[in-house]
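As structure tokens, the structure follows; a few thoughts come after it.
Just the heavy atoms: all of them, side chains too, but no hydrogens, waters or symmetry mates, feed the values below.
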Amino acid sequence: MPRDASDAPYIPGSDPDLWFYRERTLGMLRRYHRLSVEVGRLPSLLGREFSRTRVTSYHVGTFEDAVIFVHDVARGLATLGSFDHKLIARIVLQDYTHNETARLLGCWRRTVGQRFPEALDRLTDIFLEAGLLVRLPATDVAREKMCQEGKIGENFVNDSEHWE
């Protein structure tokens, strides 16, 4: 399936740390779904379709907090392309499997399997930029510490000059 024009600026894999936030993003989407129904607003991703998920009562501090949260998440979701909307609506909000989603969207199962994590990463990036998610502080430091190069002047056992 061709990508939307709004998908063009995002480069999959451009931030290798986004996968770490996927569960948080999924949790936010489930919370968004519950709260949007509670405040009387059907999630914009679903349109007029029927939602298959069970809606349980989840209380936030105040009604105003719930409305603000729903509005902020909906605004972030609005920046996604239509195919990403459909993927997130079917898989996260309506609890369809990847196979069912592929059949409903008329694409291959492999396409769903590849594009769904990309859509989550794209949405995670949007949430991080908007401040809905907080970036973990040590991601860049951890990457620097994982460098496997030796320190300058360090002697290695397999160094050919060392053994001559």
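One distance of note links CG of L18 with OG1 of T124; it measures 6.0 Å at 0.5 Å rounding. A distance of 10.0 Å separates CD of E118 from CZ of F83, quoted to the nearest 0.5 Å. Taken from CG in D72 to OH in Y32, the straight-line distance is 11.0 Å, to the nearest 0.5 Å. Between the CD1 atom in I88 and the CZ atom in R122 there is a gap of 9.0 Å [rounded to 0.5 Å]. Once rounded to the nearest 0.5 Å, the distance linking CD of E38 with CG of L35 reads 5.5 Å. In this structure, H85 NE2 and L123 CG are separated by 8.5 Å, a value rounded to the nearest 0.5 Å.
Side chain of Q114 to backbone of T111: no donor-acceptor contact under 3.5 angstrom is found.
Under the salt bridge (charged side-chain N to carboxylate O under 4.0 Å, His left out) criterion, R24 pairs with no residue, sequence neighbours left out. Every residue two or more places apart in sequence or in another chain that forms a side-chain contact (heavy atoms from CB on, under 4.5 Å) with L26 is listed here: E23, R30, V92, F116, L120. Under the rule for a side-chain contact (heavy atoms from CB on, under 4.5 Å), the partners of R109 that lie at least two apart in sequence or sit in another chain are H98, N99, A102. For R22, the side chain to side chain donor-acceptor pair (under 3.5 Å) criterion is met by D121, not counting sequence neighbours.
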Checklist line | side chain to side chain contact (heavy atoms under 4.5 Å, CB included) between Y21 and D125, intermediate numbers included | finding: CA-CA 9 Å; Y21 300 93; D125 195 30; over 6 Å; no
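Taking each heavy atom of A66 and V39 in turn, the nearest pair found is CB-CG1, 3.8 Å. Of all heavy-atom pairs spanning V112 and C107, the tightest one is CG2-SG, 3.7 Å. Scanning both residues, L29 and L93, for their nearest heavy atoms gives O-CD2, 3.6 Å.
Taking the centre and axis of the six-membered ring of F69, the NZ or CZ atom of R31 falls inside the cone set by 45° and 6.0 Å.
The side-chain heavy atoms of I126 and L80, taken from C-beta on, include a pair separated by under 4.5 Å.
Hydrophobic clustering keeps I68 apart from F63 (ILVMFWY residues linked when any side-chain heavy atoms are closer than 4.5 Å, directly or through intermediates). The hydrophobic cluster containing W108 does not contain L87, counting ILVMFWY residues as joined when their side-chain heavy atoms lie under 4.5 angstrom apart, directly or transitively.
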